[in-house]
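Notes to accompany the following structure.
Numbering of ligands and ligand atoms starts at 1, following listing order.
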Amino acid sequence: MSNLIAPSILAADFANLQRDIEMVNNSEADWFHIDIMDGVFVPNISFGMPVLKAITKHAKKTIDVHLMIVNPDQYIQTFADLGANILTVHYEACTHLDRTIQAIKMAGMKAGVALNPHTPIAVLEDVIEELDVVCIMSVNPGFGGQSFIGNTYKKVAQLKHLIEFTESKCLIEIDGGVTNLNANTLIEAGANVLVAGSYVFGSENPTETISDLKNIIQ
Ligand code: DX5
Ligand code: ZN
């Protein structure tokens, strides 16, 4: 399987959201990455349900929702109803992670877990076989446009090893600071999905930038 590209809508022009969504629809991108922040789990507030509803009305690709919120359990059904295909919660926000994963699946979505940069891969050993996606945060969550943390490469290799050892089918997603400078190394290390916000939407030709990321391995 070739690597998947998930442009992060956080970096889109919110005054021209439909235009940017159509750009992603017509590009080689695979997923829409949607960052939901509550100002509690992370020191920033992005957008909520009404905006997600507006996005899913136009988006024609997989909706990958990344919840950076406390108590994600209370909104699982809401995000399913809004059209999320993948729902990713933070390990650090879930006391009963196994229960949360089951609830996401019961609601008809694929289940993802995100790990902050300081959280080791080993905490997922006992749930890895239940997961569809593990999102390795390569920045501290809360803001777009931050610099990539180099320790991520080691974590990708460790996660790949765990996935192979357990024969899990889960995908490795990398989120934060992804550019042409690290994409190739990430894919070679085992990453399957690259999230890219400012690198895509801040570029002169976002469609071309998506294509470059998609075809990064020659
Ligand atoms: C950070 C978000 C990311 C962010 C990525 O908290 O989870 O998805 O939008 O943006 P860039 O690619 O600009 O680092
Ligand atoms: Zn994200």
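Of the possible polar contacts, none joining the Lys60 side chain to the Asn26 backbone as a donor-acceptor pair under 3.5 Å is found. Judged purely by atom type and a 3.5 angstrom limit, Lys61 has no side-chain atom pairing as donor or acceptor with the backbone of Ala6.
For the residue pair Asp98 and Val127, the shortest heavy atom distance occurs at OD1-CG1, 4.3 Å. The minimum heavy-atom distance linking Val139 with Gly177 is given by the pair CG1-N, 3.9 Å.
Other residues, nucleotides and ligands contribute over 12 non-hydrogen atoms within 6.0 Å of the CD atom of Gln74.
At least one side-chain heavy atom of Phe201 sits less than 4.5 Å from a side-chain heavy atom of Val24. No side-chain heavy atom of Pro117 sits less than 4.5 Å from a side-chain heavy atom of Asn151.
Within the protein, the number of N/O/S atoms found under 2.8 Å from the Zn ion (ligand 2) is 4.
Relative ring orientation between Phe47 and Phe14 is described as perpendicular, the plane-to-plane angle rising above 60° on a 0-90° scale split at 30° and 60°.
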Exercise. Yes or no on side chain to side chain donor-acceptor pair (under 3.5 Å) for His33 and Asp35, after CA distance, side-chain angles and deciding distance?
Worked result: CA-CA 7 Å; His33 184 82; Asp35 291 304; 2.9 Å; yes
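Residues lining ligand 1 at a heavy-atom distance below 4.0 Å are given as Ser8, Leu10, His33, Asp35, Met37, His66, Met68, Met137, Pro141, Gly142, Phe143, Gly144, Gly145, Asp175, Gly176, Gly177, Val195, Ala196, Gly197, Ser198, ordered by chain and residue number.
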